[in-house]
Structures are given as structure tokens and as C-alpha cells.
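If you read the sequence from its start, that first residue is 1, and numbering goes on from there.
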Amino acid sequence: MPVVESELRELAAGVLLAGFEGARAPDWVLAALDRGLGGVVLFARNVVDDQQVAELSTRLRDRRERVVVGIDEEGGDVTRLDAGTGSLFPGPLALGAVADPELTGSVAEGLGGRLAGCGVTLNLAPCADLTLTRDDPIIGVRSFGSDPAAAAAQVAAFVSGSQRYGVAACAKHFPGHGASTTDSHFALPVLRRTDSELRAAELIPFAAAVRAGVRAVMPGHLVVPEWGAEPATLNPKAITGVLRGELGFTGTVVTDALEMGAVAGELGRVDGLAAAAVRALVAGADALCIGGEIAAEAAVTQVTDAIVRAVRAGELTEDRLAEAAARVAELGTVPAPPVGGAIDPDIGRSAARGAIRVRGRAGLAGLPLVVDVQVAPSMAAGAVPWGLGPRLAELLPGTRTVCAASGELDAGELAARVQGGGVVVTTRDAHRYPEATRLVTELVALGLDVVHVETGVPGPDLGAGCRVDTHGGSLVSLHAAAELLAGRS
């Protein structure tokens, strides 16, 4: 017997994870929870501190007991809890450089314990993507590395550690985004990888996550031509055929933000978002993230309406919708924070120090000029405070700092400001920014004592007297580099 309209709308709302503005849940979110909204995803715009997030989670749970409270807390460059200061945990590439799964598990356990204390039930991490091209604009240091087996061990350790206190991990972006050179926030990437190449590389970390008991997996907004013309998010072959059928995943499939340009057309277009939501459910997805760029009640209403219409029109079965809603509810289980509060705060610092790689002599002859070369933040990371200069100035008072885009910096003018302590140039993915590469090589050509600190994916050596790779731009990674240069490590 078909379900009545109110029950159908409750099921439709139950698969949605919405976004909203501000540190308090607006009235429309609370009312939507009363009507069955599955949950929310928190962003930096919703975070003041851990206590505020915990109070917000409690407020949401008062309205719906099994509400999903999700967040992107990958550590490293992508943080929501520490968006105002920079992460206290190094990111995946740094952990991959240390190559100690036990340490990765401890870092993830600390992160998971902190999230549990905040009332978060779902962490949209880790990235199980491999770094397979330096031209990738969106994964980079969010990956554990390029070796499938090594990355698989890291992913499994992160999943196990982060889920210890009941916070569900979510391996993303299936089947792997790291070989793409297109940012799916704006356009649809086509992954020029064969099915056999995927099975020999990209799928290995995802298979490890499944074996480790990961409770959620996020498909990527990307096309694998041999799997058809649809992106994995909307593709039954990817979700039902490979992820569930071949890898044996039985948990919750969580979409990436459906308003992203790759699936909804122009970023923020609500009609494209609603169509993508229905197609994702038909393909086998369960939880639909719809609140990254469209944090509004209208989006929830329009998507709910579209799902109800699809069921009534026979495009989506009631059984498929009910199955999805039940899987989403499973991610709303209240986590159990660790007894005694946070895990050892030194874990993050220790891991960051272990990730640093140095060529040449890292000592400074005097007070340096520190040049932090700015690049536009990615959509995934957002505008998290960044730069080595302030960290080094804390340790070496009198250190002079410059922070600007590479196009605004002139090597000759910078050289005139050096007063015997040399120049430290901090870059992020310098190989992707010709002006940043040119600035470093020009400073070297002027005969200056140059230390090049690369905080992104390590690229070609640019000839500096000392090269320091941090494998990420987290606060703890920058502190570790500053301690090294100041002779404090």
C-alpha cells in the first residue's frame, strides 16, 4: 500500500543533510527536524569553539534524537573546528610521509574523540584518494600519498582510530579523485583511467576502508568513461555495482555537495540540485548533502518536493527511499566521548615533526626575512589562516615578515630588505603557480641564502640552499617547520 503524503515527505526529508548560516540553528532548521530532516553538515561558518558546537549538537538532538551532525574535519589543510587558527592535527599527506599506521590511528583517535565531545556523529573523512598527478587542484595534501598499498594502510588506520568513540568515518571520493586535473566544485571531471587501472590503484584504499569497517563512503563527482557517462554520484554502476556489489560495502553512501558545478550545473542553481538529488537516490546513494553553497530553507523544500514527485511518478521507488532514510538514521547514533576529555595533545605535534623532510642545512645565520607566498584557498579548505612568518616570529622576535600573492612580490625589492639572515620563502604547491616558482628561482639567482619551505605536495627542487617539505599547511606543521629553522626541534 502506498505511504500517505506526510509519511512520504518525512522519508524524503530523512535523506537530506542540510547546511545553514551562523553559530545557532535557525528556526527553519529546527522546524525541519520536527518534520524529519535527516541531519546537518557544519562548516566554519557554524563554529566558534568546541563548547559551542557541543551545545549546538545538543540543541539539534533535542528536536530529533537520531539527527546526523556531520562535519569535514580531515586534519591538515581542511578543518572546520580550527578554521580560525589552523588545525592542531597534521593532514593525510603528512601522516603518509611518516608512514606509521599506528601513529595515524592515534591521531585519528584523538580527532575522533574531540568530535565525539562536540556531539558530531559523522566526519566526512578520510580522503582515500591517491595523489596521481601534481596538477590536481583539489586533493593534493588531503591524500595519504600515491602508493596504493601504503595509502590503504593509512586509510584503514584512520578509519579504525576515528570510529573508536562512535563517530562515523566517511571514505571519499570514490573511486578516487587524485588523477583528475578538474575541480568538481566548478566542472565535471572525466577520469581518464581504465577499469583495470582503477582496480590496480585507486580502488585499493577504498577496499581497505571497507574491510576496516568504515560506516560511510562518499562517491566523487567524476566520470569514469568505462562505467558510463554519469558521474559516480549518479551512477548505479559505481555505487551499486562496484562499491556495494564488488567491494561489499553495506554502510551509508553519502554524496558530496550536490550543488557543486559538476552535478548541478552552475554552482548554486537549485533546480539542478533537485534533479541531482533524485538521480543520486535512484543510483543508490543514501544521504544527500545539499547545504554547502545553498544554505537555505528553500533548498530543503525544493529537494524534498522533487523526491516526493519522483516517487509519485514512479522514477524512484518507495522501498529505495525508505532504505536510504534508514541508512542515514544509522549515522545519527550519539557518540561516546573519551573518559577524561581530549586525547594526548602532543600526538599532532609529534606527527607533524616526523613528516618534515629537509635537503641542505636548515639553520639560519641570523634573523631572516620570511616571505609567505599566498595562493587562493581551495573550496574544500576555505580561508584558514596560513603562513610561516608569524610562527617563526614567535620563536625569533625581530623576524621580518611579508605575506602577499606571488604576482605582488618583486625579487629585487625583497633582496634589498634582507639584512644578513637570508630569506625564507614559504609556498603551497609552487609547481602549480609559475610566478611562485619564478620568485624562488630569482631569489636564488641573486645569490641570497634562500630557504624554500614547501607546504603543499612536494614539487621540483628550485635550487634553494635549503629545501624543507612539511607535506601540509596545518598549524602544527607550520610550527614544526618554524621550530626546525629556529633550532628548537
Side-chain angles (χ1 to χ4, degrees), residues 10-19 36-42 60-61 64-74 112 115-116 120-128 155-156 158-160 162-163 165-175 206-221 232-236 238-258 276-292 303 307 316-317 319-335:
E10 184 172 353
L11 284 175
V15 302
L16 305 185
L17 303 183
L37 179 67
V40 300
V41 176
L42 304 181
L60 296 170
R61 198 161 285 117
R64 183 173 173 83
E65 183 178 359
R66 291 180 67 83
V67 63
V68 178
V69 181
I71 199 167
D72 287 275
E73 195 63 37
E74 299 174 10
L115 290 173
V120 170
T121 70
L122 169 66
N123 186 16
L124 299 171
C127 285
V155 167
F158 191 99
V159 166
S160 298
S162 61
Q163 292 189 162
Y165 298 106
V167 177
C170 180
K172 60 187 185 184
H173 307 81
F174 181 82
F206 287 97
V210 172
R211 289 194 300 270
V214 71
R215 292 174 58 196
V217 172
M218 177 182 288
H221 297 329
T233 312
L234 314 178
N235 191 328
I239 298 175
T240 305
V242 180
L243 178 58
R244 292 204 185 280
E246 297 183 28
L247 298 190
F249 178 63
T250 59
T252 309
V253 174
V254 181
T255 73
D256 211 341
L258 289 175
V278 171
R279 292 164 63 193
L281 287 169
V282 172
D286 303 307
L288 310 181
C289 293
I290 62 170
V303 173
I307 294 171
L316 174 68
T317 68
D319 287 346
R320 169 81 273 271
L321 180 59
E323 174 188 57
R327 287 191 179 128
V328 174
E330 290 175 359
L331 298 180
T333 304
V334 181

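- Among T333, V334, T121, V328, the single residue meeting the side-chain contact (heavy atoms from CB on, under 4.5 Å) criterion with R66 is T333.
- The two residues V15 and A325 come nearest to each other via the heavy atoms CG1-N, 3.6 Å.
- Residues V155 and A209 approach most closely at CG1-CB, 3.7 Å, considering heavy atoms.
- The shortest distance between side-chain heavy atoms of V214 and F249 falls below 4.5 Å.
- Two residues are said to be in side-chain contact when any heavy atoms from C-beta on lie closer than 4.5 Å; F174 and V253 fail this criterion.
- To the nearest 0.5 angstrom, R211 atom CZ is 11.5 Å from S160 atom OG.
- Taking all atoms of both residues into account, the shortest heavy-atom contact from L234 to A280 is CD2-N, 3.6 Å.
- Taking 4.0 Å as the cut-off between side-chain N and carboxylate O, E323 and R320 count as a salt-bridged pair.
- At distances below 3.5 Å, at least one donor-acceptor pair connects side-chain atoms of R244 with backbone N or O atoms of G251.
- In this structure a side-chain-to-backbone donor-acceptor pair under 3.5 Å is present from Q163 to R215.
- Minimum interatomic distance between A324 and A285 (heavy atoms only, all atoms of both residues): CB-O, 4.1 Å.
- The distance from the CG atom of L331 to the CG atom of L122 is 5.5 Å, given to the nearest 0.5 Å.
- Note that the OG1 atom of T240 and the CG atom of N235 stand 9.0 Å from one another [nearest 0.5 Å].
- The line from CD of E10 to CG of L321 is 11.0 Å long, rounded to the nearest 0.5 Å.
- Using modelled atom types, one side-chain atom of T233 and one backbone atom of G220 make a donor-acceptor pair closer than 3.5 Å.
- Across all their heavy atoms, Y165 and G112 have their closest contact at CD1-C, 4.3 Å.
- The line from CG of L17 to CG of L258 is 10.0 Å long, rounded to the nearest 0.5 Å.
- Annotation for E65: atom CD does not count as buried by contact number, only 12 or fewer foreign heavy atoms lying within 6.0 Å.
- Using a 4.5 Å heavy-atom cutoff, the side chains of V167 and S162 are not in contact.
- Looking only at distances, no side-chain donor or acceptor of H221 sits under 3.5 Å from a matching main-chain atom of H173.
- M218 and T255 make their closest contact through CE-O, 3.6 Å (heavy atoms, listed as atom of the first residue, atom of the second, distance).
- Atom CG of L124 and atom CD1 of I71 lie 9.0 Å apart (nearest 0.5 Å).
- For the side-chain contact (heavy atoms from CB on, under 4.5 Å) with V217, the lone residue among T252, L243, D286 that qualifies is L243.
- With contacts defined as side-chain heavy-atom distances shorter than 4.5 Å, the pair C289/V254 qualifies.
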